[in-house]
Amino acid sequence: MTRYKYPILFLITILLFFVVICGLKCYSNVRVKPNINRSEIDIIINFLLPMRQNSLSSKVTVSTEIPNTPVSYKIKWLNSTTMILSLEQKGNPRGQMLTFQINDAPTAIPLLKKSVSGQVRPSVDLRLLSEADLGKVPSGGPVPIIFNTPVDPKSIKEFVTLPIPGQLKPIQFSLASKRYTDYSQWQYIPDKPFQNNRSYTITLNPGLQSMGKSVMKKKQELTFTTAIQPRVVRTNPGKNANQVRLYPSIEIILNQEVSEASVNVIDLLKKTNIVGFTEIKKNKIIFQPSYALLPGRSYTVTVSLKSKDQEPLNNYKFSFSTVDMENKLWVDVNLGNKHTVRVYRGDKIIRHMLCSGGRPETPTPKGYFYTQDRGHSFWSARFGEGATYWVRLVGQVLVHSVPRDHNWKTKEEEHAKLGLPASHGCIRLDEQDAKWFFENIPRGTLVIIHE
């Protein structure tokens, strides 16, 4: 006879006992070893059941409160049930909250597994990483204050003395749609702007405390100088200038180098923005319109910028007026992304045509030209091709039709290139457009060529 009356019930009881044991998440004796050069911590974990030691390394994950901070770990076994998990943080800020997990660690008993998780924060000596002299900062801030470890928000408000009233805020950032706060990096933002080109001092008093309970024992001071206010020295065209050319390079010259700028040019009659591109050359901002401006119009230029020290200058404005072409014809040739010819009478466009300017190795000259002599056709023995309806601009640079071959047939492969750079320096047009240009644009007509 068996000793137990209900053997199946006994086996189930034993099995449930082991399941409960496996479900326990227990560790003890967390010991921190602070070091100003590294963050290191030993976590002693008692599993209560013998573990399969060789299978455990792949089950460990460690994360930091600030993403992408490197952390390494080592495992050492004291016996079959007791493990030391050593964590070492390798990047700033030190003393972050470390979250460790050991999921489904296999025990010596088949099919029985254990999981362990927890959080620990090493305590490292609180140090200031910012230099004593912070250099130049914008008058509106922020002023950066950087530590080697996260600082207690309550402590920083209590033990930091500001030169003028303002706010102390930790750096916040987003990564993978999740919001993070770095309490080791703070920004001082004044309630009212600092005075330009003046020195200020921030005092960090003894008693300042990190989140790991490390306390700053000595007073430290941070000094900074505010940036010089950017100032416009000169503009071209000048303020309220008249008779400005139709394709001007609009220039704004500052008293110091510029790091970023935006330029907005508005036609005051039509209330429309002028399309163009902005270029910065040290202390000079250049705005180049994509097309010639219209004659007899007034334009307002609005400039916003930041100096190399990030000091802003917002909404600086000046105006100018273009030359009045009255009822005269004039031509705008754009050799930018899409080559086009626009013909105007006064400020009204009367014809828009695709064209081909010069290839990079044979570029069309840019600038202001006036139409000269003309002819019905020509043949170039040098290039082995000819064209019809030519009008001279300067030297050998002509406006003419798409070239023809030895049989005096239009080169269709060249015609397909209209809108793109394709010529030896001339301005090519479709046959009908070239004829119209030849018959309607008189000698002495202004032609503006630009990119």
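Since the structure is predicted, the reported quantities are computational estimates derived from the model, not experimental observations. Any value given below was found using the heavy atoms of this structure, including those in side chains, with hydrogens, waters and symmetry copies removed.
With a 4.5 Å cut-off on side-chain heavy atoms, T278 and I286 do not count as touching. By the 4.5 Å heavy-atom criterion applied to side chains, L222 and Q220 are not counted as neighbours. Between N283 and Q256, every side-chain heavy-atom pair lies at or beyond the 4.5 Å cut-off. Here the side chains of S130 and W186 are not in contact, with every heavy-atom distance at 4.5 Å or above. Looking only at side-chain heavy atoms (C-beta outward), K281 and E257 stay at 4.5 Å or farther from each other. Between L98 and P122 there is a side-chain heavy-atom pair separated by less than 4.5 Å. The side-chain heavy atoms of H352 and V341, taken from C-beta on, include no pair separated by under 4.5 Å. For the pair I202/V143, a side-chain contact is recorded, criterion being any heavy-atom separation below 4.5 Å from C-beta on.
Distance alone, capped at 3.5 Å, places no donor-acceptor pair between the S356 side chain and the S423 backbone. Q119 contributes no side-chain N or O that, together with a main-chain N or O of F100, makes up a donor-acceptor pair within less than 3.5 Å. For the pair S80 (side chain) and P50 (backbone), a donor-acceptor distance under 3.5 Å is absent. Between the side chain of S304 and the main chain of N315, a donor-acceptor pair closer than 3.5 Å is present. A donor-acceptor pair under 3.5 Å is absent between the side-chain atoms of K282 and the main chain of I280, judged by distance alone. Between the side chain of S214 and the backbone N or O of V124, at least one donor-acceptor pair lies under 3.5 Å. With E65 contributing its side chain and M97 its backbone, the two residues share a donor-acceptor pair below 3.5 Å. S259 places a side-chain N or O within donor-acceptor distance of the main-chain N or O of S307, the cut-off being under 3.5 Å. A donor-acceptor pair under 3.5 Å links the side-chain atoms of T107 to the main chain of L112, judged by distance alone. A distance-only check finds no donor-acceptor pair linking the side chain of R428 to the backbone of C355 [under 3.5 Å].
Under a 4.0 Å N-O distance rule, the pair E431/K409 does not qualify as a salt bridge. Look at K114 and D104 and you find no salt bridge, because none of the NZ, NE, NH1 or NH2 atoms lies under 4.0 Å from a carboxylate O. Taking the charged nitrogens against the carboxylate oxygens, R297 and D267 do have a contact shorter than 4.0 Å, which makes a salt bridge. Between E413 and K411 there is no salt bridge, since none of the side-chain N atoms of the basic residue sits less than 4.0 Å from a carboxylate O of the acidic one.
Counting non-hydrogen atoms of other residues, nucleotides and ligands closer than 6.0 Å to CG of L111 gives a total of 12 or fewer. Within 6.0 Å of CZ on R351 lie more than 12 heavy atoms contributed by other residues, nucleotides or ligands. Shown here is N79, whose CG atom has more than 12 heavy atoms of other residues, nucleotides or ligands within 6.0 Å. Around atom CG of N314, more than 12 heavy atoms belonging to other residues, nucleotides or ligands sit under 6.0 Å away. Around the CZ atom of R179, the shell of radius 6.0 Å holds more than 12 heavy atoms that belong to other residues, nucleotides or ligands. In K317, the NZ atom is not crowded: 12 or fewer heavy atoms of neighbouring residues, nucleotides or ligands sit closer than 6.0 Å.
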Please step through side chain to side chain contact (heavy atoms under 4.5 Å, CB included) for the pair L254 and L305, ending with a clear verdict. CA-CA 10 Å; L254 281 297; L305 59 92; 4.0 Å; yes
With side-chain hydrogen bond (donor to acceptor under 3.5 Å, both in side chains) as the criterion, how do S401 and D430 come out once you've worked through the C-alpha distance, each side chain's angles and the decisive distance to 0.1 Å? CA-CA 6 Å; S401 71; D430 174 81; over 6 Å; no
Stepwise, does the side-chain hydrogen bond (donor to acceptor under 3.5 Å, both in side chains) test hold for E251 with T235? CA-CA 6 Å; E251 299 179 347; T235 65; over 6 Å; no
Apply side chain to side chain contact (heavy atoms under 4.5 Å, CB included) to residues V160 and K157 and explain how you reach the verdict. CA-CA 6 Å; V160 176; K157 291 180 180 179; over 6 Å; no
Using side chain to side chain contact (heavy atoms under 4.5 Å, CB included), reason through I228 and K136 one step at a time and then give a plain yes or no. CA-CA 9 Å; I228 298 172; K136 290 187 177 181; 4.3 Å; yes
Pair T300, S319 - check side-chain hydrogen bond (donor to acceptor under 3.5 Å, both in side chains), show working. CA-CA 4 Å; T300 292; S319 300; 3.1 Å; yes
Intermediate values then yes/no, side chain to side chain contact (heavy atoms under 4.5 Å, CB included), L293 and Y299: CA-CA 9 Å; L293 302 180; Y299 295 87; 3.6 Å; yes
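Contact between Q209 and V151 at its shortest, heavy atoms only, is O-CG1, 3.4 Å. Between P237 and F318, the shortest heavy-atom distance links the atoms O-CE1, 3.4 Å. Of all the heavy atoms in H450 and S290, the pair that sits closest is CE1-O, 2.9 Å. Annotation for S210 and T149: closest pair CB-CG2, 3.7 Å, computed over non-hydrogen atoms. Of all the heavy atoms in L208 and F159, the pair that sits closest is N-CG, 3.8 Å. When every heavy atom of G95 is checked against every heavy atom of R121, the shortest pair comes out as O-NH1, 3.0 Å.
Taking CD1 of I146 as the reference point, atom CG of N148 lies at 11.5 Å (rounded to 0.5 Å). From L78, atom CG reaches atom CE of M83 across 10.0 Å, with rounding to the nearest 0.5 Å. Atom OG1 of T203 is separated from atom CD of E221 by 4.5 Å, given to the nearest 0.5 angstrom. One distance of note links CD1 of I102 with OG1 of T61; it measures 8.5 Å at 0.5 Å rounding. Going from atom NE2 of H415 over to atom CG of L429 covers 10.0 Å, rounded to the nearest 0.5 Å. Between the CD1 atom of I156 and the CE atom of M216 there is a distance of 9.0 Å, given to the nearest 0.5 Å.
For the 3.5 Å distance criterion, the side chains of S115 and Q101 fail to qualify, holding no donor opposite an acceptor. In summary, the side chains of T226 and N196 do not present any donor paired with an acceptor at a separation below 3.5 Å, with no hydrogens or angles considered. S199 and T223 are not linked by any side-chain donor-acceptor pair at a separation below 3.5 angstrom, with hydrogens and angles left out of the test. A donor-acceptor pair shorter than 3.5 Å cannot be found between the side chains of N334 and H339. In summary, the side chains of S321 and S298 do present a donor paired with an acceptor at a separation below 3.5 Å, with no hydrogens or angles considered.
Separation of the Y247 and Y368 ring centroids does not fall under the 6.0 Å cut-off. When ring centroids are compared, Y344 and Y291 stay outside the 6.0 Å threshold.
When each of Q229, E311, Q195, R198 is checked for a side-chain hydrogen bond (donor to acceptor under 3.5 Å, both in side chains) with S139, only E311 meets the rule.
Residues satisfying the ring pair (Phe, Tyr, Trp, His ring centres under 6.0 Å) criterion with H400, sequence neighbours excluded, are F378.
Taking the six-membered ring for Trp and thresholds of 30 and 60 degrees, Y180 and F173 have nearly parallel ring planes, at less than 30 degrees apart.
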